[in-house]
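Read through the structure below, which is laid out as structure tokens, and then see the notes.
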Amino acid sequence: MSDSVLIVGGGISGLVAAYSSVKQGKKVTLIESSDRLGGMLDTYKTEFGLVETAANGLLNSYATEELLQELGLNPILPKSSSKKRYFWIGNRLKQIPISFFSIIRAIFGFLFLNAKPEENESFESWSFRIFGKKVSANLIEPALGGIYAAKLKDMDPKMVFSKFFWKEGDSVYRNFKNSKNKSKKKPKTRGSISFQGGMKDLISSLVKVLEGKIKFRLKTEIVDLETLKKEYPGHEIIFCTNIRSTYQILNETNPSGFLKHDIKPIPLLSIATITCFTKTNLLKKPGFGILFPKDSDVTANGVLLNDYIFEGRVFGEFHSETWIYAGDFLDHLTNEDVIDLVKKDRKRISVSSAEEDIVSVHAKIWKQSFPIYGNELLKFNRYLDEMENESSSTSQPVRFLGNYRYGIGLRGLIESALNL
Ligand SMILES: Cc1cc2nc3c(=O)[nH]c(=O)nc-3n(C[C@H](O)[C@H](O)[C@H](O)COP(=O)(O)OP(=O)(O)OC[C@H]3O[C@@H](n4cnc5c(N)ncnc54)[C@H](O)[C@@H]3O)c2cc1C
């Protein structure tokens with residue numbers, strides 16, 4: 001096992017991987033193409049409150065709790081006013097978006113139906129079969145859309161539930177119960193967490209603890225693996241790049257490997273986050289946010305009501321909302337265009353939400369940057385698994401971490417990087 005590690009990519013995956021490698025006594029070099037660390041995660045402070053460029057929080061876990069303790073970083077918990085979550089169904093807010101009959105049908109499917117997906121079955125048809133159409137359209141599609149941003153028809157159940165064994169005859173419930181690498185250690189507090197200064201606090205704490213212990217090479221873009229191997233003999237190489245870069249680097253390095261394994265370009269998704277500071281609240285009642293099913297009259301996937309979630313997000317008398325949009329239509333839009341979409345969507349939710357109500361707005365569009373958890377991604381992951389296995393006994397093992405590797409959320413990314 002090599003005691004020198006080269007990490008490519010300085011987002012949260014790369015920084016946690018570097019932290020974990022230092023703890024194991026390894027010599028670490030981290031290469032990052034941009035001039036800053038943190039990748040998608042960043043927080044900036046405006047005169048009205050905090051703005052996040054990607055995640056607003058993360059799901060807590062035992063591993064994260066331990067990491068934060070070691071970093072001396074105190075998480076903050078959501079306020080009790082964030083408990084309610086809403087769905088926008090038939091132009092109205094609903095807490096439970098389905099009928100009693102649909103709930104019974106879904107529970108039956110969850111407990112008893114054979115969950116094993118059919119050959120090339122999409123998440124949508126799998127979900128119709130197991131939970132029924134109403135629950136799929138009104139509950140599962142918006143809820144999963146809030147996590148994966150993609151449409152159910154483009155996702156693959158085997159990619160979304162990659163920890164299931166999918167034994168013939170086993171229900172979703174049995175699959176959950178027996179899933180792979182299920183952590184037995186529970187965190188002291190469950191649910192979402194964030195930090196006083198936003199997600200940037202997590203990045204800053206990691207960078208602070210790594211400074212002086214590892215070598216950072218910023219503004220250095222890696223284009224192929226073979227050159228890297230020659231430049232860093234005897235190093236374990238851990239890619240913590242985003243899906244687009246990983247795909248390009250490997251295609252550049254070994255195009256015949258892609259041909260042999262029938263790896264096609266991975267469908268990617270654009271995603272936009274728009275934080276508005278306003279004079280009046282979007283809703284009269286408190287809650288975490290609203291999810292919008294795909295057939296609703298609102299274009300957004302969801303909106304977070306920041307006032308009610310974490311303390312310290314808004315300053316003074318103002319209110320804060322973060323709107324999330326996802327889809328290829330964003331590829332052709334400017335920040336001004338998505339801000340117009342927010343203004344229209346706000347009016348659909350509340351007719352009194354006039355444009356003058358917005359005092360400040362901050363948009364960020366991540367174009368073609370998010371992996372779609374579909375069949376092509378599943379195939380690509382199996383190719384990466386094979387590469388990892390084949391290289392594991394060589395002098396230069398190669399590993400891949402990131403939000404396209406069987407888990408999109410920060411909780412999974414942190415756990416994978418700590419379990420190196
Ligand atoms: C709008 C939005 C909302 C989100 N909300 C949540 C949420 O609420 N909860 C949650 O858990 N997750 C959320 N996420 C997901 C989460 O923020 C990301 O999955 C996570 O930050 C990705 O981290 P990463 O380190 O794997 O990748 P990245 O942050 O993409 O980092 C990759 C790094 O690699 C560098 N790089 C790329 N190519 C090269 C190269 N060739 N050479 C050198 N360096 C390279 C990049 O510059 C970058 O710094 C959200 C994401 C978005 C966009």
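One-based numbering, in listed order, for ligands and for the atoms of each.
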Work out whether the distance between some heavy atom of Ile249 and some atom of ligand 1 is less than 4.0 Å. yes
Residue selection (non-hydrogen contact nearest atom 29 (O) of ligand 1) among Met40, Arg244, Arg411, Arg36: Met40
Give yes or no for whether the N/O distance cutoff of 3.5 Å, strictly under, is met between Leu410 and ligand 1. yes
Which pairs with one or both residues in residues 240-269 pass ring pair (Phe, Tyr, Trp, His ring centres under 6.0 Å), sequence neighbours excluded? Tyr247-Phe258, Tyr247-Phe380, Phe258-Tyr383, His261-Tyr383
Return yes if a side-chain donor-acceptor contact under 3.5 Å exists between Asn60 and Thr189, otherwise no. yes
Considering non-hydrogen atoms of the protein only, which is the closest contact for atom 44 (N) of ligand 1, and what is the distance? Ser33 N, 3.1 Å
Just to be sure I read this right, does ligand 1 sit under 4.0 Å from the backbone of Leu37, its side chain, both, or neither, counting only heavy atoms? neither
Residue-level breakdown please: for Cys240 versus ligand 1, do any non-hydrogen atoms fall below 4.0 Å on the side chain, on the backbone, on both, or on neither? backbone
Of the non-hydrogen atoms in Tyr404 and Asn242, which two are nearest, and what is the gap between them? CE2-C, 4.1 Å
Within the 3.5 Å criterion, strictly below it, is a donor on Glu321 or Trp323 matched to an acceptor on the partner's side chain? yes
Gly57, any N or O under 3.5 Å of ligand 1 N or O: yes
Could you say whether the N/O atoms of Ser245 and ligand 1 ever approach to under 3.5 Å? yes
Within the structure provided, determine whether Asn335 and Ile365 are in side-chain contact (heavy-atom separation under 4.5 Å). yes
Who's the nearest protein heavy-atom neighbour of atom 47 (O) of ligand 1, and how far? Glu32 OE2, 2.6 Å
Protein heavy-atom partner closest to atom 40 (C) of ligand 1 - residue, atom, separation in Å: Ile222 N, 3.8 Å
Validate the cation-pi geometry between Lys279 and Phe318: distance from NZ or CZ to the six-membered ring centre under 6.0 Å, angle to the ring axis within 45°. no
Yes or no: does Thr220 have any heavy atom under 4.0 Å from an atom of ligand 1? yes
For atom 6 (C) of ligand 1, what's the nearest protein heavy-atom neighbour? Residue, atom name and distance, please. Ala55 CB, 3.2 Å
Judged on heavy-atom distance to atom 25 (O) of ligand 1, which of Gly10, Ser13, Gly9 sits nearest? Ser13
Do Thr241 and Thr246 get their side chains close enough for a donor-acceptor pair, meaning under 3.5 Å? yes
Any luck finding a side-chain donor-acceptor pair between Ser34 and Glu32 under 3.5 Å? yes
Could you tell me whether Ile12 and ligand 1 have an N or O pair separated by under 3.5 Å? yes
Return yes when at least one protein heavy atom is under 4.0 Å from atom 42 (N) of ligand 1, and no when none is. yes
Side-chain H-bond candidate by donor/acceptor type, Ser61 with Glu415, under 3.5 Å: yes
Of all the atoms in ligand 1, which lie at a distance below 4.0 Å from a heavy atom belonging to Thr273? 1 (C)
